[in-house]
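Everything quoted here is computed from the prediction, not taken from an experiment.
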2 protein chains.
Amino acid sequence: MATESSAPVHRKTTLSDIAAGCGVSRATVSLVLRGSPLVNKHTRARVEEELRRQGYVYNRAAANLRRRTSSSIALVVNELANPFFAEFAAGVDETLGEAGFVTLLGSTGESTTREQAVLGSLIEHGPGGIILSPAEGSEARNVLTAIGAHLPVVLFNRELGGRLPQYAHWDRLMLDNRPGTRQATEHLIARGHRRIAFFGGHDDASSTRERHAGYVEAMQAAGLKIEPHWRVQTTPTRIDAVRATPALFEGGSKPTAAVCYNDAVALGLILGLHQRGLQAGRDFAVTGFDDIAEASMSVPPLTTLSTAPRARGRQAAELLLARLRDPQAPASTVIAPVELVVRESSCPLS
Amino acid sequence: MATESSAPVHRKTTLSDIAAGCGVSRATVSLVLRGSPLVNKHTRARVEEELRRQGYVYNRAAANLRRRTSSSIALVVNELANPFFAEFAAGVDETLGEAGFVTLLGSTGESTTREQAVLGSLIEHGPGGIILSPAEGSEARNVLTAIGAHLPVVLFNRELGGRLPQYAHWDRLMLDNRPGTRQATEHLIARGHRRIAFFGGHDDASSTRERHAGYVEAMQAAGLKIEPHWRVQTTPTRIDAVRATPALFEGGSKPTAAVCYNDAVALGLILGLHQRGLQAGRDFAVTGFDDIAEASMSVPPLTTLSTAPRARGRQAAELLLARLRDPQAPASTVIAPVELVVRESSCPLS
DNA sequence: TCCGTGAGTTGGAACGATCCAAATGTAACC
DNA sequence: GGTTACATTTGGATCGTTCCAACTCACGGA
């Protein structure tokens with residue numbers, strides 16, 4: 001719990017130093033720092049001069065201890081190297097920064113074990129809340145024991161497994177997954193494809209299940225049959241998608257198109273196809289999810305569902321800030337719309 | 001200095017609660033938490049049971065206050081949405097996490113004003129050190145007044161303007177900029193190009209100046225003249241690079257190739273060329289710097305200098321951890337090698 | 001019996017801020 | 001002159017932990 005890992009810190013100047021330096025009490029200096037109207041103009045000026053002179057730095061940790069408040073928010077994402085999460089984190093940090101909060105960063109690499117460890121470590125620093133994008137297969141029970149029942153949480157992108165009563169009090173920001181992939185699938189069908197696969201992600205993540213459901217919905221609505229081997233599960237990373245590409249073609253009836261869990265997976269699939277001598281956007285149609293910056297620049301440019309991750313980051317931060325302002329407000333669930341962006345990877349059936 | 005921005009925090013269980021709960025003193029509980037060999041096995045077991053029972057969470061802020069230590073490190077990057085920095089941040093966070101430190105995130109958007117603000121805010125949270133990738137045009141003097149003279153700093157990627165005595169005590173992790181762009185330029189020359197531009201970045205950043213110098217070196221070594229309008233300055237973002245592309249072709253002697261400040265700029269240039277009806281990798285040769293994931297997947301794939309940003313992140317974190325272990329050690333400057341990766345964007349002169 | 005020893009435990013003062021009730025000084029009023 | 005009102009200022013307790021010197025207790029040796 002209290003593992004050793006700490007850095008020695010140089011003696012800093014404190015409130016008392018300033019107080020002594022200009023012959024007032026600590027309380028007065030404190031009032032000056034917080035811009036209280038109670039202090040006399042003249043005193044204030046003297047104190048402020050002394051603050052500058054000694055190069056005083058406010059110790060927010062001490063203040064937070066006394067006031068039983070917090071001025072940081074923990075942000076836990078799956079993988080910062082995924083541009084989707086990088087943009088999301090940038091949006092979160094931007095908005096939190098404007099509100100005077102600092103972002104404590106943590107990343108899980110889609111491992112629930114690491115998620116537990118990271119949450120445990122972040123919690124000890126006393127954040128005022130958590131923005132969490134759960135790892136695949138993460139359980140509400142475990143997250144709850146790691147962070148306790150009273151810390152505000154905003155869930156992003158995925159639900160946790162195993163519902164609990166407390167869990168209902170958490171705010172959530174989800175993407176419009178099912179309608180999104182349904183739309184993508186319908187787009188492929190409209191372009192003449194009949195044998196369409198769903199590629200990537202693991203079914204123990206709610207986002208994957210929802211996106212898969214949208215695909216199934218569209219297929220059934222169009223009266224199309226789905227072969228079992230058209231569902232290939234992968235870790236949602238590019239590298240694992242490349243590795244898993246061959247599985248798509250192992251059964252009898254070969255697909256001519258695939259709806260992918262996200263852009264990382266879609267870009268991996270494009271690469272995997274290439275290794276089999278297939279060119280995405282000509283021999284095989286691909287759609288993604290997220291619209292990361294790369295999507296518009298890949299070969300071929302990727303048809304995908306735009307999620308505006310930076311805006312989502314700002315939104316998640318706003319949700320948390322709203323919760324801090326009003327802890328009693330009912331839990332809100334926001335479903336952010338997604339938009340189909342058609343590019344060249346979703347070619348018509350040739 | 002002490003602006004209001006704080007979240008109410010639920011009453012947490014403390015050392016005293018545990019102590020009361022099992023009839024020992026606070027001091028003993030504290031010893032148990034820190035795994036001291038002084039406490040009796042039997043007592044320890046009782047205390048640990050009580051810790052679990054009450055769901056105790058260690059308050060590291062309070063401990064840090066008393067011990068005058070810190071368990072966080074501030075990481076300030078230019079733009080998290082740039083995959084180069086995202087990977088870098090991921091590497092930093094990874095290594096810091098393993099060492100039991102938590103990462104305080106800040107981002108400047110290449111603005112020195114925001115840099116000052118972000119540093120000021122992060123400092124108040126009492127990090128044990130700072131890893132800083134300076135904004136373009138950032139001055140040592142300003143950074144120094146923002147963070148004080150005694151906090152360990154690792155500079156990454158760029159030098160600050162205006163040297164100061166204290167500044168010499170900071171560790172630095174730089175990229176092998178000049179030899180890198182020299183190599184890239186020589187590569188273009190070897191492929192038959194004679195009219196080669198240097199595109200992107202602003203000359204008030206040291207990294208830009210160095211990369212530009214490498215280019216000049218190679219040109220001069222080959223006896224090639226450089227036209228003034230072949231130097232186009234931009235903010236190192238994709239969007240600004242697109243905007244600035246026309247400037248390359250405004251003078252009399254049109255270039256047939258460009259060495260770019262980084263990959264973001266190179267990808268922007270490719271787009272900008274496209275808008276003029278030029279195809280990079282066929283009508284015009286382009287090289288980048290960084291080798292972000294996108295570089296291998298762009299149209300055409302980008303010839304660039306690989307910097308392995310994630311490894312650089314780990315390295316920066318290691319430098320800072322080493323400094324914390326031994327504050328007296330002489331300041332180290334590490335220059336990370338870069339490697340030319342030849343892809344299709346650097347086509348031979350047609 | 002007394003003393004020394006070592007293992008285990010503990011009260012109280014820090015750390016640097018904030019809160020609160022109370023003190024101070026001054027001016028105004030009757 | 002005495003009282004009240006108001007504007008400022010202030011000591012001391014407090015937040016949750018760690019440090020330190022001191023304490024208790026059982027045991028063994030002289």
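Checked against dC15(C), dT9(C), dA13(D), the side chain of R26(A) finds its nearest nucleotide in dA13(D).
The phosphate of dG16(D) (OP1 or OP2) has no side-chain N or O of T14(B) nearer than 4.0 angstrom. A sub-4.0 Å separation between OP1 or OP2 of dA14(C) and a side-chain N or O of R67(B) is absent. Proximity of R60(A) to the phosphate of dG16(C): no side-chain N or O atom is located under 4.0 Å from OP1 or OP2. Remark: R66(B) is not in phosphate contact with dA13(C), judged by side-chain N or O atoms under 4.0 Å from OP1 or OP2. In terms of phosphate contacts, R44(B) brings no side-chain nitrogen or oxygen within less than 4.0 Å of OP1 or OP2 of dG8(C). Contact between the side-chain N/O atoms of T43(A) and the OP1/OP2 oxygens of dT9(D) is found at a separation under 4.0 Å. Taking side-chain N and O atoms only, R34(A) has a distance below 4.0 Å to OP1 or OP2 of dT18(C). The phosphate of dG11(C) (OP1 or OP2) has no side-chain N or O of S25(B) nearer than 4.0 angstrom. Contact check, T28(A) against dT9(D): no side-chain N or O comes under 4.0 Å of OP1 or OP2.
Distance, Q54(A) CD to dG16(C) C1': 15 Å, rounded to whole Å. Here the P atom of nucleotide dA7(D) and the CG atom of L31(A) are 15 Å apart, to the nearest Å. In this entry the distance linking CG of L38(B) with P of dT10(C) reads 13 Å, nearest Å. N64(A) places its CG atom 15 Å from the C1' atom of dT17(D), with the value rounded to the nearest Å. Whole-Å rounding puts the K41(B) NZ to dT9(C) P distance at 13 Å. Spacing between atom CG of N59(A) and atom P of dA14(C) amounts to 18 Å, rounded to whole angstrom units. Straight-line distance from the CZ atom of R68(A) to the C1' atom of dT14(D): 9 Å, rounded to whole Å. Here dG16(C) presents its P atom at 10 Å from OH of Y56(A), a figure rounded to the nearest Å.
In this structure, A27(B) reaches the bases: a heavy-atom distance under 4.0 Å links it to at least one base atom across the strands shown.
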Go through it in stages, so that I can follow the logic: the residues are S70(A) and N64(A), the test is side-chain hydrogen bond (donor to acceptor under 3.5 Å, both in side chains), and I'd like the CA-CA distance, side-chain angles, deciding distance and then a yes or no.
CA-CA 6 Å; S70(A) 168; N64(A) 282 335; 5.4 Å; no
Show your working on side-chain hydrogen bond (donor to acceptor under 3.5 Å, both in side chains) between Q54(A) and T13(A) and close with a plain yes or no.
CA-CA 7 Å; Q54(A) 298 204 29; T13(A) 84; 4.6 Å; no
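Ring orientation note: the planes of F156(B) and F85(B) are nearly perpendicular, at an angle over 60° on the 30°/60° scale.
Toward the 5' end of DNA chain C, the nearer of the two residues V39(B) and S16(A), judged by each one's closest nucleotide, is V39(B). Residue-to-nucleotide proximity on DNA chain C shows that, of L15(A) and G23(B), the 5′-proximal contact is made by G23(B).
Electrostatic pairing of R52(B) and E49(B) counts as a salt bridge here, judged by a charged N lying under 4.0 Å from a carboxylate O. Of the charged side-chain nitrogens involved, none lies within less than 4.0 Å of a carboxylate oxygen, so that E79(B) and R114(B) do not count as a salt-bridged pair.
Between the CZ atom of R323(B) and the CG atom of L151(B) there is a distance of 12.0 Å, given to the nearest 0.5 Å.
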